[in-house]
Amino acid sequence: MAVTPASTPMNPLDIASHGPVIPVIVIDRVEDALPLAEALLAGGVKVLEVTLRTAAGLPSIEAIARHLPEAVVGVGTVLNADDARRASEAGARFAVSPGYTSEVGSACKGLNLPLLPGVSTSSEIMMALADGFSFLKLFPAEAVGGIPLLKSWVSPFSQISFCPTGGITPATASNYLALPNVRCVGGSWLTPADAVKSGDWARITQLAKDAQALRESV
C-alpha cells in the first residue's frame, strides 16, 4: 500500500539542513526498522537513508514513513526509475543514487522526489549539473580522492555542494565538514551491524548524538 509523504517535497539541500551526518542504513530484518529509526531520532538524527541493498529495505521505508512521520526517511541505492517509483510509493521523501543517469534524474523529477545523485568524476558532475542537480553525493569518497579531490573542485564547480559518502569515519568526518563545498557527509558508522543485530539501541542513540555534535567541532 502506498504511503502519503508527511509533507510536501523538500528542496534537496533541505536534506543537509537537519544535521552534519546522514546515516547510510542497511536493514536485514524489517522488525528492526522502527526501533532503529527511533534510536536515531532519540539521538537527534532526523534524516535517514535506508538503502535498497537488502529485501528488507523497501518495507522498512514504508514502516518508518507510516509510523514515524517526524523522521525524514529516504531511499538509497537507487539504480533505476523503478527503484525510485517503488520507494516513492512506500513513502520515501528523498532518493540517493550511487551514480548518475538521466533516467534516474528524470524519474525522480517526475515523482517530485528530491534526488541526491552520486558522482565521482568531473564529467559526471557536468552531466548532473546539466540536468539541474547542484547538490551531489561524492561516492565512494575516500576511494576516489576524498578531501584533495573536493578541494580541487571548489574553483571549477563553485556552484556545486557535496555530501561525501564512502569510507568516512567519525575521525575523518570533521575534516570533510570543514571544506567550503561540503554540506554534510554520509556514514554507515551510526548503525553498526552488530548493534542492530543485538538490539543495542542505546549505542546507536549515542552514536547519533556524537554525529550531531560533529558540526560544532568544525
Side-chain angles (χ1 to χ4, degrees), residues 6 14-78 87 90-96 98 116 118 137-143 146-147 162-178 182-218:
D14 290 341
I15 298 167
S17 69
H18 295 287
V21 183
I22 298 175
V24 180
I25 304 168
V26 179
I27 299 178
D28 292 312
R29 303 176 301 193
V30 178
E31 57 266 32
D32 290 331
L34 290 180
L36 173 57
E38 289 169 343
L40 289 166
L41 285 168
V45 173
K46 183 177 181 180
V47 175
L48 315 177
E49 178 194 336
V50 178
T51 69
L52 295 181
R53 299 177 191 176
T54 68
L58 207 60
S60 294
I61 290 169
E62 183 169 357
I64 295 169
R66 183 177 300 280
H67 297 288
L68 296 172
E70 64 270 36
V72 182
V73 63
V75 58
T77 326
V78 171
R93 293 175 58 189
F94 67 93
V96 184
L116 178 59
K137 166 184 169 179
L138 175 64
F139 179 81
E142 284 286 287
I147 289 173
F162 294 93
C163 173
T165 305
I168 298 173
T169 68
T172 60
S174 59
N175 296 327
Y176 278 92
L177 291 167
V182 170
R183 294 295 188 100
C184 60
V185 300
S188 59
W189 78 83
L190 278 73
T191 57
D194 60 331
V196 176
K197 186 175 182 180
S198 65
D200 190 352
W201 310 124
R203 179 183 170 197
I204 289 174
T205 293
Q206 186 58 54
L207 289 168
K209 289 179 179 178
D210 294 343
Q212 285 295 92
L214 280 172
R215 181 71 73 184
E216 299 170 7
S217 66
V218 175

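- Side-chain contact between Arg203 and Pro192 is present, with heavy atoms from C-beta onward closer than 4.5 Å.
- Side chains of Ser60 and Thr54 form no contact here, defined as non-hydrogen atoms less than 4.5 Å apart.
- When all heavy atoms of Tyr176 and Val182 are compared, the pair lying nearest together is O-CB, 3.3 Å.
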If you apply the rule side-chain contact (heavy atoms from CB on, under 4.5 Å), what do you find for Asp32 with Trp201, and how did you get there?
CA-CA 10 Å; Asp32 290 331; Trp201 310 124; 4.1 Å; yes

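- Leu40 places a side-chain heavy atom less than 4.5 Å from the side chain of Ile25.
- The two residues Ala37 and Leu68 have their closest heavy-atom pair at CB-CD1, 3.5 Å.
- Listed here is the closest heavy atom pair of Ala39 and Ile204: CB-CG2, 4.0 Å.
- The CG atom of Asn175 lies 10.5 Å from the CG atom of Leu214; values are rounded to the nearest 0.5 Å.
- In terms of heavy-atom proximity, Gln212 sits nearest to Pro20 at OE1-CD, 3.5 Å.
- To the nearest 0.5 Å, atoms CZ (Arg29) and CG (Leu36) are separated by 10.5 Å.
- How far CZ of Arg66 is from CD1 of Ile61: 13.5 Å, rounded to the nearest 0.5 Å.
- Closest of all the heavy-atom pairs between Ala16 and Cys184 is CB-SG, 3.8 Å.
- To the nearest 0.5 Å, the span separating CG on Leu48 from CD1 on Ile27 amounts to 8.5 Å.
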Step by step, work out the side-chain contact (heavy atoms from CB on, under 4.5 Å) result for Val45 and Val21.
CA-CA 8 Å; Val45 173; Val21 183; over 6 Å; no

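- Between the NZ atom of Lys137 and the CD1 atom of Ile15 there is a distance of 11.5 Å, given to the nearest 0.5 Å.
- Side-chain N or O atoms of Thr205 include none that pairs as donor or acceptor with a backbone N or O of Gly43 at under 3.5 Å.
- Within the model, atoms CG of Asp14 and CZ of Arg183 stand 10.0 Å from one another, a figure rounded to the nearest 0.5 Å.
- Formation of a donor-acceptor pair under 3.5 Å by the Thr172 side chain with backbone atoms of Ile168 is not found in this model.
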Report the C-alpha separation of Gln206 and Asp210 in whole Å, then their side-chain angles, then the decisive distance to 0.1 Å, and conclude whether the side-chain contact (heavy atoms from CB on, under 4.5 Å) test is met.
CA-CA 6 Å; Gln206 186 58 54; Asp210 294 343; 2.9 Å; yes

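- Summarising the geometry of Pro69 relative to Arg93, their closest heavy-atom pair is O-NH1, 4.0 Å, with the distance given to 0.1 Å.
- In this structure the side chain of Phe94 never reaches within 4.5 angstrom of the side chain of Val75, judged on heavy atoms.
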Going through the checks in order, is the side-chain contact (heavy atoms from CB on, under 4.5 Å) test met by Val30 and Glu62?
CA-CA 10 Å; Val30 178; Glu62 183 169 357; over 6 Å; no

